[in-house]
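Data first, discussion second: the structure below is written as C-alpha cells.
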Amino acid sequence: MNIYDIIEKKKHGQELTKEEINYFVDGYTKGEIPDYQISALLMAICLKNLNLDETVNLANAMLNSGDLVDLSKIKGIKVDKHSTGGVGDTTSLVLGPLVASAGLVFAKMSGRGLGHTGGTLDKLESIPGMRIDLQMDEFINNSNKIGISIIGQTADITPADKKLYALRDSTATVDNISLIASSIMSKKLAVGADALVLDVKVGSGAFMKDVESATKLSEIMVSLGKKFNHKTKALITSMDEPLGFAVGNSLEVIEAINTLKGQGPQDLRQLCLALGSKLLLMSNFADDEDEAKEILETNIRNGKAFEKFKEFVKAQGGDISYIDDTSKFKLSKYKVEIVSKDEGYVKKIDALLIGEIARDLGAGRITKESKIDLGAGIILNKKIDDFVKKGELLATFYTDKEKDINLQVENIYKAYEIGEKNKETHKLIYKEID
Ligand code: URA
Ligand code: CA
C-alpha cells in the first residue's frame with residue numbers, strides 16, 4: 001500500500017478501504033507521510049467526498065490515534081454536548097449545571113476559542129482561580145461528587161485530528177461535511193459519554209450556511225454516534241444572530257449566571273432547555289419533552305441549577321464571590337455605547353461580523369498564541385425583530401484598544417440591518433435529527 005495510489009484513487013472518486021484509511025491516518029500521525037501528500041488527498045476528498053462507510057472508518061482511525069478516556073469510574077449517566085461553533089454561544093455554562101442539578105453527570109472536555117467563535121475554557125478562565133487543567137482523577141472525583149466537571153482536552157486524545165485539522169485550516173479543506181463530522185465525532189467518541197446532544201449551527205455566523213447542509217452534517221454525525229453505540233441526537237439551530245446578548249468571555253459568564261437564575265435572554269434559555277430536555281429523554285429521566293422541560297425549569301426557579309454552578313466553580317478553584325456578585329468581574333477600560341441612526345425593525349444581524357468585532361476588541365484569538373482580554377466584548381441591546389428608535393441604544397462594547405474604537409463603532413453599524421419588519425419572525429430551533 002502506498003499514499004500515491006490512495007490519492008490517485010480518491011482523485012477518481014473511488015471508495016477507499018478501511019485499510020487505506022487507517023494507513024494514511026496512521027502514517028500522517030506518525031510523521032511518515034508528508035503534509036503535501038495529505039494536502040492533496042484532503043483536497044481530493046473535498047472534491048469527490050467520502051461515503052458513510054469511509055466516514056465511519058475515518059472517524060474510527062482518528063478516534064484510535066490516541067488515548068481513550070475511560071468514564072466508567074464515574075457513577076450515573078454521563079452526558080455530553082457539542083456545538084459546531086457559534087458567536088456568543090454560552091450554552092455549555094448553563095446546560096452543564098442545569099442537567100447536573102437534575103441528576104445527570106456532565107463530564108465534559110471542552111475547547112478554546114479560535115477566530116470568531118468563543119471557547120468554553122476561555123470563558124471559564126475569566127472566573128479568578130478557575131482551573132481547567134485538572135488531572136484525570138480529579139476530573140473523575142468531581143464528576144462523581146457533584147455531577148459536573150469541565151476540563152480542557154488533553155494532548156493525547158485524537159492526535160490525528162489535531163494534525164489533520166491544522167492542515168485543513170491552511171489548505172482550504174475545512175468545509176467538507178464528512179471531514180467535519182469525523183473530526184468532531186472522533187473527539188466526542190474518544191471520551192464516550194452515554195448520551196450526546198449535538199447543537200448544529202446554521203446561518204451567517206456558522207460553518208453551515210443553510211438548513212439543508214446542516215441536516216446532512218447532523219445525519220452523518222448521528223449515524224457515527226449510533227455506529228459506535230452512543231445515544232446521539234442533534235438539534236439544528238440558528239446562528240443568524242449571536243446567542244443571547246453577550247459576546248465575550250466575562251460578559252458571557254455573567255450572562256450564563258443570569259440565565260441560571262432565570263433572568264437571562266430568552267433565546268439562550270430556550271436553547272438550553274431544548275438541549276437539556278434531549279439529554280434527559282435519552283437518559284430516561286423523563287417520559288416526554290414537556291416533563292423534561294418542567295424538571296429543568298423547576299431547577300432554575302428553585303435555585304438548584306445556580307447552586308450547582310457555584311459548586312462546580314468552587315470545586316475547580318474558582319472564586320465564588322464573583323458568582324454571587326457579578327459586578328466584581330473586571331471589564332475592559334473603554335465602554336462605548338452605539339445608538340441607532342435609523343428607526344425601524346432589526347432585519348438582520350451579521351453574526352460572523354459581530355464575532356469578528358468581538359475578537360478584534362480583544363475577546364478572541366487571531367492565532368493560537370494570541371492572548372485574550374477576558375473583559376472585552378459586546379452586549380447587544382437589540383436583536384432580530386426588535387423595534388429600535390433613532391437614538392436608542394443598539395449595542396455597547398468594551399475594549400482596551402483605544403485606537404480601534406471608531407473603526408469598531410462603524411463595524412457595529414455594518415452588522416445591523418434596520419428597516420421594514422421581517423415577513424416571518426426569526427426562528428431559533430429549526431429541527432431535530434434522531
Ligand atoms: N470543529 C471540529 O472540531 N472539526 C471540524 O472539522 C470543524 C469544526
Ligand atoms: Ca451570549
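These numbers were taken from a predicted model, which means no experiment stands behind them. Along the sequence shown, the residues carry numbers beginning at 1. Atoms within a ligand are numbered from 1 in the order they appear, just like the ligands themselves.
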Would you check the N or O atoms of H82, main chain and side chain alike, for any that come under 3.5 Å of an N or O of ligand 1? no

Can you tell me if S186 and D161 form a side-chain donor-acceptor pair at under 3.5 Å? no

Side-chain donor-acceptor contact under 3.5 Å, N299 with S101: yes

Are there more than 12 heavy atoms of other residues, nucleotides or ligands under 6.0 Å from atom NZ of K227? no

Less than 4.0 angstrom from a charged side-chain N to a carboxylate O is my criterion; do K310 and D324 meet it? yes

Would you say T84 and ligand 1 have an N/O pair spaced under 3.5 Å apart? no

Below the 3.5 angstrom mark, is there an N/O of R168, backbone or side chain, next to an N/O of ligand 1? yes

shortest atom 5 (C) of ligand 1-to-protein heavy-atom contact is with Y165 CE1, 3.3 Å

Closer than 3.0 Å to the Ca ion (ligand 2), do we get an N, O or S atom from E255, backbone or side chain? yes

Would you kindly check if the NZ (Lys) or CZ (Arg) of K335 is within the cone defined by 45 degrees around the ring axis of Y398 and under 6.0 Å from the six-membered ring centre? no

Rounded to the nearest 10 degrees, what's the angle O of A246 makes with O of G88 at the Ca ion (ligand 2)? Could you check? 110°

Atom 4 (N) of ligand 1 has as its nearest protein heavy atom S183 OG, 2.6 Å

Among non-hydrogen protein atoms, atom 1 (N) of ligand 1 lies closest to I184 CG1, 3.7 Å

Checking a contact table here: which protein heavy atom is nearest atom 3 (O) of ligand 1, and how many Å away? K187 NZ, 2.5 Å

Euclidean distance, L98 CG relative to I300 CD1, rounded to 0.5 Å: 5.0 Å

Is it true that some N/O/S atom of L243, main chain or side chain, lies under 3.0 Å from the Ca ion (ligand 2)? yes

Should the pair E297-R301 be classified as a salt bridge under the 4.0 Å nitrogen-to-oxygen rule? no

Can a side-chain donor-acceptor contact be found between E15 and N51 if the only test is distance below 3.5 angstrom? yes

Heavy atom of the protein closest to atom 8 (C) of ligand 1 (residue, atom name, distance): F207 CE1, 3.5 Å

